[in-house]
Amino acid sequence: MTFKMIVLDLDDTLLRDDQTISDRTKEALMKAQEQGVKVVLASGRPTYGMLPIADELSLAKYGSFILSFNGGKIINYENKEELFSSTLPLTAVKKLYELSQREGVDIHTYVGDEIITESDNPYTKIESELTRLPINLATSFVDAVQEEVVKVLMVGDPDQLKVVEEKLQNELGEEFSIMRSKPFFLEFTEKGVTKGTSLNQLIQQCGIKREEVIAMGDSYNDQEMIEFAGLGVAMGNAPDDIKAIANHVTDTNMNDGVAKVVEEFVLRELVKA
């Protein structure tokens, strides 16, 4: 099988713990793109927080793509055209805020190039560091959000958030797509919008079959795209239940796990061809 698209989660997958891409991984991805393989960065991050990585990998030059907000937006990075966009209405944002208050967890979302929250909490600070977006500490979260947003996050202690996730999956599972991207991030997007569903839309527009796609990730918001792809890859640092649904388990993000997959399944195949 010749693979035509490589889809990559960012944090704890493509990126090392210090938020950099290893030289070996970058070299492998550049070689793949030079041979016509499309690279898709697929992250829960907002689009802005993905741009430096897209530029480092020259996605614009090779006509590759960004899939941001857990699938809430798809962007052709060559011409910056928005191929797909999904949003949550203000009524949904208010409802999620009220539920966060009920459950005793913090909440944030994105408006423009800012993270909106009314709580000075350590988890939103982590998101700010990852995305390079400033925090707007609002007096009222609901009043500060006056437009539809792509996604909302409840954030908090991982053990507490796991309980909240189970409760809200039962309560809201018919209204939202709900997934955890990190142990302390519980994400809400429009129902039916995930990395997997957006990847399906993208390959149809590109004329690529799912069998021709490699998708790599480490967490629960990667599960659908791992299951969807022709070759679904779990990182060596992924939880055991994510490894269990993958076709292949690679090395960790700290030990060139992405590069090893690209070298084995893409570059060797291209050499054969």
Side-chain angles (χ1 to χ4, degrees), residues 7 9 11-13 42-46 67-74 84-111 115-117 119 121 123-124 127 141-142 145 147-202 204 210 215 217-229 232 234 238-246:
V7 188
D9 171 56
D11 297 298
D12 304 311
T13 298
S43 176
R45 291 188 184 196
L67 195 158
S68 55
F69 294 105
N70 273 330
K73 286 187 184 292
I74 305 172
F84 171 76
S85 181
S86 163
T87 56
L88 295 171
L90 290 176
T91 52
V93 175
K94 183 179 180 184
K95 181 173 186 175
L96 291 170
Y97 172 77
E98 291 170 348
L99 288 168
S100 74
Q101 298 301 291
R102 185 191 79 185
E103 298 299 330
V105 294
D106 294 312
I107 191 168
H108 70 239
T109 190
Y110 313 90
V111 175
I115 302 172
I116 306 293
T117 186
S119 168
N121 69 85
Y123 305 106
T124 297
E127 179 75 343
F141 179 82
V142 172
V145 181
E147 60 188 65
E148 294 190 350
V149 299
V150 182
K151 73 170 184 174
V152 170
L153 283 80
M154 292 185 191
V155 301
D157 173 78
D159 291 337
Q160 181 187 11
L161 211 57
K162 186 174 183 180
V163 174
V164 173
E165 178 185 16
E166 291 172 357
K167 187 184 293 186
L168 294 185
Q169 284 283 10
N170 291 326
E171 193 171 333
L172 302 176
E174 297 303 313
E175 296 180 56
F176 301 92
S177 285
I178 305 170
M179 65 211 83
R180 270 200 295 171
S181 56
K182 286 185 177 291
F184 41 78
F185 288 160
L186 182 61
E187 311 206 359
F188 298 80
T189 55
E190 184 183 357
K191 180 65 179 175
V193 173
T194 67
K195 291 184 183 183
T197 58
S198 292
L199 175 56
N200 187 27
Q201 289 199 44
L202 177 59
Q204 289 181 42
R210 63 188 293 181
D218 74 289
S219 195
Y220 297 101
N221 62 327
D222 302 314
Q223 179 171 343
E224 285 202 18
M225 74 173 188
I226 290 172
E227 291 177 320
F228 174 81
D240 287 342
D241 41 357
I242 296 299
K243 292 177 180 177
I245 57 97

Point-to-point distance, once rounded to the nearest 0.5 Å, from CG of Asn221 to OG of Ser177: 11.5 Å
Where Val145 and Leu90 come nearest, the two heavy atoms and their spacing: O-CD2, 3.5 Å
Set of side-chain contact (heavy atoms from CB on, under 4.5 Å) partners for Lys95, sequence neighbours left out: Leu99, Leu172, Glu175
Val193 vs Asn70 side-chain heavy atoms within contact, under 4.5 Å: no
Check: Ser198 side chain, Gly71 main-chain N or O, donor-acceptor pair, under 3.5 Å: yes
Which residues share a side chain to side chain donor-acceptor pair (under 3.5 Å) with Asn200, sequence neighbours left out: Gln204
Residue pair Val111, Val149: steps toward the side-chain contact (heavy atoms from CB on, under 4.5 Å) verdict: CA-CA 7 Å; Val111 175; Val149 299; 4.2 Å; yes
Side chains of Val7 and Leu199 in contact at under 4.5 Å (non-hydrogen atoms): yes
Lys/Arg cation over aromatic Phe69: Arg45, 6.0 Å, 45° cone: no
Pairs flagged by salt bridge (Lys or Arg N to Asp or Glu O under 4.0 Å) wherever residues 183-194 is involved - sequence neighbours left out: Lys151-Glu187
Whether Phe185 and His108 hold their rings parallel, tilted or perpendicular, with breakpoints at 30° and 60°: perpendicular
Short side-chain to backbone donor-acceptor contact, Thr197 and Thr194, under 3.5 Å: yes
Main-chain N/O of Ile107 paired to Thr117 side chain as donor or acceptor, under 3.5 Å: yes
Side-chain heavy-atom pair Leu67, Phe84 within 4.5 angstrom cut-off: no
Lys/Arg-Asp/Glu bridge criterion (N-O < 4.0 Å) met for Lys195, Asp222: yes
Ser68 to Pro46 - nearest heavy-atom pair and separation: CB-C, 4.1 Å
Candidate pair Asp241 and Tyr220, rule side chain to side chain donor-acceptor pair (under 3.5 Å), full reasoning: CA-CA 9 Å; Asp241 41 357; Tyr220 297 101; 3.0 Å; yes
Residue pair Asp218, Thr13: steps toward the side chain to side chain donor-acceptor pair (under 3.5 Å) verdict: CA-CA 6 Å; Asp218 74 289; Thr13 298; 3.1 Å; yes
Donor-acceptor pair between Asp106 and Ser119 side chains, under 3.5 angstrom: yes
Student check: side-chain heavy atoms of Thr109 and Leu153 closer than 4.5 Å: no
Minimal non-hydrogen separation, Ile242 against Ala234, with atom names: O-CB, 4.0 Å
Over all atoms of both residues, closest heavy-atom pair of Leu88 and Phe188: CD1-O, 3.6 Å
Over all atoms of both residues, closest heavy-atom pair of Ala215 and Met225: CB-O, 3.5 Å
Option among Met154, Glu165, Lys167, Glu98 that satisfies the side chain to side chain contact (heavy atoms under 4.5 Å, CB included) test with Glu103: Lys167
Residue pair Ser181 / Ser219: nearest heavy atoms and the distance that separates them: O-OG, 3.1 Å
